[in-house]
**Student:** 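This is the structure I want to talk about, given as structure tokens.
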Amino acid sequence: MADVAIIGVGQHPFGRFPGKSAIEMAAEATRGALGDAGIGWRDVQFAFGGSYEVDNPDAVVNLLGLTGIPFTDVYNGCATAASAISLAAQTIELGAYDIGVAIGMDKHPVGAFAADPVQYGVPSWYGETGLFLTPKFFAMKIQRYMHDYGIRPQTLAEVAAKGYRNGARNPNAFRRSPLSVEQILDGRMVNDPLTQYMFCSPDEGAAAIVLCRADIADRYTSKPIYIRASEVRTRRYGAFEVHSPSFPLERIGAPTVDASRASFERAGIGPEDVDVIQLQDTDAGAEIIHMAENGFCADGDQEQLIADRATEIDGPLPVNTDGGLIANGEPIGASGLRQIHELVLQLRGTELNRRRAGAALRRLQDREVMP
Amino acid sequence: MESVELSRRGTIWTWTTQEFLPKAPPYAGPETAETFEPYYVGYVELAGELRVESRLVGFEDAAPRIGQQVAMVVVPFKTDEDGREVMVYAFGPAGEADHG
């Protein structure tokens, strides 16, 4: 099978852009990625496009050019963009094509997501009675985790403060004003223990990457970034995950644990080999939990690591160096590609006010929107 | 598929507050943005059985605690368009006299 390299990345800023469509943002992100790779749209042989709000992401060809290429749309909850990248990489691995793009885009209305619980395999009464809500699940998961492992609310606020600090340095970020730990703790309580400043917001934006066969990557760039593994998993019976009216007493690991183990195994490296990390921080608690679920520390070690500033840009375990979801918000279709965009910039060492690094881990995450 | 009767008593495994009005639909509660009051939600562990998600009621004086004993109650949720009272299950602090 062919190895796969990323040779171009592009992003439309995340935030609120009244009057601008998701497709327009996607076209800009794609042109940025093509320019970064030094190729034109005519050189692209296939594409995958991801979105939650846009049911035809492939329509971006109306703005990029009608070249007739196969263009496949994907939606996979908060793993939409990660799935677009995985599928694009697999297409090259299988030898079907040499060069393609993965594009993600979204434009969400303000406020928490709402949907029909029946479409998610849970009964309608679950929604009618006010239980079908994602933010309260995240709050209940971190509430139990804090109880079990001695994590303090102050530590949640430290994680969010890092997100805003990193966002302030990132010209593409939605939230670019630093907030103090006190401001974050004093924010309006949304779901105890999570205040408004500890959650990411749905917003708008787009991102794109160009991938090619690794053995031709040096035609396009002197710094190809290789994809060593990309794994997606769903929950097994016993995992405590979102939208569960009940679950068994015998608890097993989250799908994140399964996906990250499989990914490390395939890549032939361990968590200790990773220099820069992107984790799904839908809320500050999720970043803390995902540090352990992905093997970067033991459960409970986060309290000391964060107090020691280990996860800062210049720390030994830099997490979400562009501000993560907390500062960038979550346009679902684009969010995972934003993470890859940041990792590629970090690994190339081209981000002057950010940190250089030598190896990356693809985003490993469970899914928020779909079970 | 068969029905299994679950215990009416358990302990709080985790909890949170719901401090914004859920979007309708799917939410079918009677509140408006003006009348909405935050409510408690949690998972209740039923010994030897499973954990169930539920509203937690009767915690006006003190927030729920993980490990706290609770018992199931049936409480009014809303009045439907035909004027009938719609009831829902919830869990509240287990009193001494309650041996449900």
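All values reported here derive from a predicted model rather than from experimental measurement. No hydrogens, no waters, no symmetry mates; every other heavy atom, side chains included, goes into these values. Within every chain, numbering begins at 1; the chains are lettered A, B, ... in the order of the sequence lines, protein sequences first and strands thereafter.
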**Student:** Considering only heavy atoms, give the residues of residues 14-21 of chain B separated from chain A by less than 4.5 Å, sorted numerically, with 'none' for an empty result.
**Tutor:** B:T14, B:W15, B:T16, B:T17, B:Q18, B:E19, B:F20

**Student:** Is it the side chain or the backbone of A:S244 that comes within 4.5 Å of chain B heavy atoms, both, or neither?
**Tutor:** both

**Student:** Can you tell me if B:D82 has over 12 outside heavy atoms packed within less than 6.0 Å of its CG?
**Tutor:** yes

**Student:** Mind ranking B:W13, B:Y27, B:F77 by heavy-atom pairs under 4.5 Å with chain A and telling me who comes out on top?
**Tutor:** B:W13

**Student:** Under a 3.5 Å threshold, yes or no: a donor from one side chain and an acceptor from the other, between A:H108 and A:E53?
**Tutor:** yes

**Student:** Under a 3.5 Å threshold, yes or no: a donor from one side chain and an acceptor from the other, between B:T11 and B:E45?
**Tutor:** no

**Student:** Is A:L131 in contact with chain B via its backbone, its side chain, both, or neither, using a 4.5 Å heavy-atom distance?
**Tutor:** both

**Student:** Which one wins on heavy-atom pair count under 4.5 Å against chain B: A:K136, A:E250, A:Q143, A:H147?
**Tutor:** A:Q143

**Student:** Quick one: does B:K78's side chain get under 4.5 Å of B:E85's, heavy atoms only?
**Tutor:** no

**Student:** Determine the option with the most heavy-atom pairs under 4.5 angstrom with chain A, choosing from B:V41, B:V88, B:L46, B:V44.
**Tutor:** B:V41

**Student:** Is the NZ or CZ atom of A:R251 both under 6.0 Å from the centre of the six-membered ring of A:F240 and within 45° of that ring's axis?
**Tutor:** no

**Student:** Under a 3.5 Å threshold, yes or no: a donor from one side chain and an acceptor from the other, between A:Y164 and A:Q183?
**Tutor:** no

**Student:** Work out which heavy atom in B:A90 is nearest to a heavy atom in B:V75; give both atom names and the distance.
**Tutor:** CB-CG2, 4.1 Å

**Student:** To the nearest 0.5 Å, tell me how far A:I151 CD1 sits from A:L156 CG.
**Tutor:** 8.0 Å

**Student:** Between B:A28, B:G48, B:P25, B:A63, who has the most heavy-atom pairs with chain A when the cutoff is under 4.5 Å?
**Tutor:** B:A28

**Student:** For B:Y40, I'd like to know if atom OH has over 12 heavy atoms of other residues, nucleotides or ligands within 6.0 Å.
**Tutor:** yes

